[in-house]
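The next block holds one structure in the form of C-alpha cells; read it before the comments.
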Amino acid sequence: MNMERNIGEELDALKADYNAFKAQVKQQERLNERFFKAARHRSAQAVNKGIRNRMIVDVLTLPTIWIICITTHWPLLFGVLVSLWTITDLAATIWINRKLGMDHLLDGDTRTVTHTIASYRRFYRRAQAISIIPCIAMITYIFVELLTRINDSANRDLIIAIGIAYTIIAVSITWGQYRRHTKACDDLLNEFEE
C-alpha cells in the first residue's frame with residue numbers, strides 16, 4: 001500500500017512537472033510567434049513604406065515639372081512626356097499594390113504571402129529596369145537643352161560638370177533605394193520561409 005502511494009505520488013509529481021513543462025512550451029511558442037510577427041510586421045512596413053514613397057514622389061513630380069517648365073520656359077512637350085511617365089508609374093504602382101493586396105500583406109497564409117512578395121519584387125525590378133529608358137532620355141534632353149541655351153564655353157564646361165555630378169548622385173541615390181527596397185522584400189520572404 002505504501003509502495004502504491006509512492007508510485008501514485010511520483011506519477012502525480014511527474015504529471016505536474018509535465019503540465020508545467022507543457023505550459024512553459026506554450027508560453028515560449030506564444031513569445032516566439034509574437035517575436036516573428038513583430039519582425040514580419042517591420043519588414044512588411046518597410047516594403048509598404050517603399051511603395052508609399054514611390055507614389056508620393058510621383059505625385060510631387062507632376063506639379064514640380066510643370067512649375068519648372070513654365071518658369072524656365074522649357075518646351076511643354078518635355079513637361080507632357082515627364083508627366084506621362086510619372087502618371088504611368090503612379091498608375092502601375094497603385095494597380096500592383098491593389099492587385100496584390102500589399103496593404104493587407106500579412107493577413108494571408110504563408111504560401112499566399114510569399115507568392116505576393118515574390119510577385120511584387122518581380123514587378124518592382126521590372127519597373128526599375130523599364131524606367132531606365134525614359135530616365136536616360138530625360139537626362140539627355142536636359143543636357144542638350146541646357147547646352148543649346150548657353151553659348152559661352154566656360155559655362156558649357158560648368159554645366160557638363162554639374163550635370164555629370166548630379167547624374168552620378170541621382171544614380172547612387174536610386175541604386176541605394178532600389179537595394180534597400182529589394183532587401184526589405186527579401187527579408188520579408190526569409191521571415192516566411194524559415
Side-chain angles (χ1 to χ4, degrees), residues 36-69 74 77-108 110-146 159-194:
F36 285 120
K37 192 172 186 177
R40 290 173 182 155
H41 186 69
R42 275 192 304 277
S43 297
Q45 281 181 321
V47 171
N48 284 331
K49 183 180 177 187
I51 294 169
R52 190 173 46 253
N53 288 346
R54 184 179 184 126
M55 288 191 280
I56 288 170
V57 168
D58 285 341
V59 168
L60 292 176
T61 299
L62 288 169
T64 304
I65 196 64
W66 285 103
I67 290 169
I68 290 170
C69 284
W74 278 82
L77 178 61
F78 179 75
V80 168
L81 293 176
V82 171
S83 295
L84 286 174
W85 176 34
T86 302
I87 290 169
T88 302
D89 185 67
L90 179 63
T93 304
I94 290 170
W95 175 77
I96 198 71
N97 190 38
R98 287 192 179 151
K99 178 182 180 224
L100 296 177
M102 296 300 285
D103 293 333
H104 305 287
L105 181 62
L106 298 179
D107 294 347
T110 302
R111 183 174 174 226
T112 303
V113 172
T114 55
H115 174 73
T116 300
I117 298 164
S119 297
Y120 173 72
R121 188 178 55 185
R122 224 177 4 263
F123 161 79
Y124 184 74
R125 286 184 176 157
R126 288 177 184 162
Q128 290 297 98
I130 291 169
S131 68
I132 288 172
I133 296 167
C135 187
I136 291 171
M138 182 177 68
I139 291 170
T140 303
Y141 180 81
I142 291 170
F143 274 119
V144 170
E145 184 68 25
L146 286 174
I159 288 172
I160 290 171
I162 291 172
I164 290 171
Y166 276 107
T167 302
I168 290 170
I169 291 169
V171 167
S172 299
I173 290 170
T174 303
W175 180 251
Q177 289 173 335
Y178 171 77
R179 299 272 305 186
R180 276 192 302 279
H181 197 66
T182 53
K183 184 182 181 321
C185 288
D186 292 342
D187 289 347
L188 191 55
L189 269 176
N190 290 337
E191 291 287 340
F192 279 94
E193 290 174 350
E194 290 177 354

Legend entry - Point-to-point distance, once rounded to the nearest 0.5 Å, from CD1 of Ile56 to OG1 of Thr93: 12.0 Å

Legend entry - Nearest heavy atoms of Phe78 and Cys69, plus distance in Å: CD2-SG, 4.0 Å

Inset, instruction - Mind checking the CD-CZ spacing from Gln128 to Arg54? Nearest 0.5 Å is all I need. - result: 5.0 Å

Inset, instruction - Hey, could you give me the CG/OG1 distance between Asp89 and Thr61, rounded to the nearest 0.5 Å? - result: 9.0 Å

Legend entry - Over 12 non-hydrogen atoms of neighbours within 6.0 angstrom of CD1 in Ile133: no

Inset, instruction - For Tyr166, look at atom OH and say whether over 12 heavy atoms of other residues, nucleotides or ligands are found less than 6.0 Å away. - result: no

Inset, instruction - Could you tell me whether the side chain of Leu81 reaches within less than 4.5 Å of the side chain of Trp85, counting heavy atoms only? - result: no

Legend entry - Interatomic spacing from CD1 in Ile173 to CD in Gln177 - rounded to 0.5 Å: 7.0 Å

Inset, instruction - Locate the shortest heavy-atom distance separating Trp66 from Ser83; write the atom from each residue and the value. - result: NE1-OG, 2.8 Å

Inset, instruction - Starting at CG of Asp58, measure out to CD1 of Ile94 and round the result to the nearest 0.5 Å. - result: 8.5 Å

Inset, instruction - Begin with the C-alpha distance, continue with both residues' side-chain angles, and end with the deciding distance and a verdict on side-chain contact (heavy atoms from CB on, under 4.5 Å) for Ile65 and Trp74. - result: CA-CA 10 Å; Ile65 196 64; Trp74 278 82; over 6 Å; no

Inset, instruction - Of all the heavy-atom pairs spanning Thr140 and Ile136, show the shortest one and how long it is. - result: OG1-O, 2.7 Å

Legend entry - Within-4.5 Å side-chain heavy-atom neighbours: Lys183 and Arg180: no

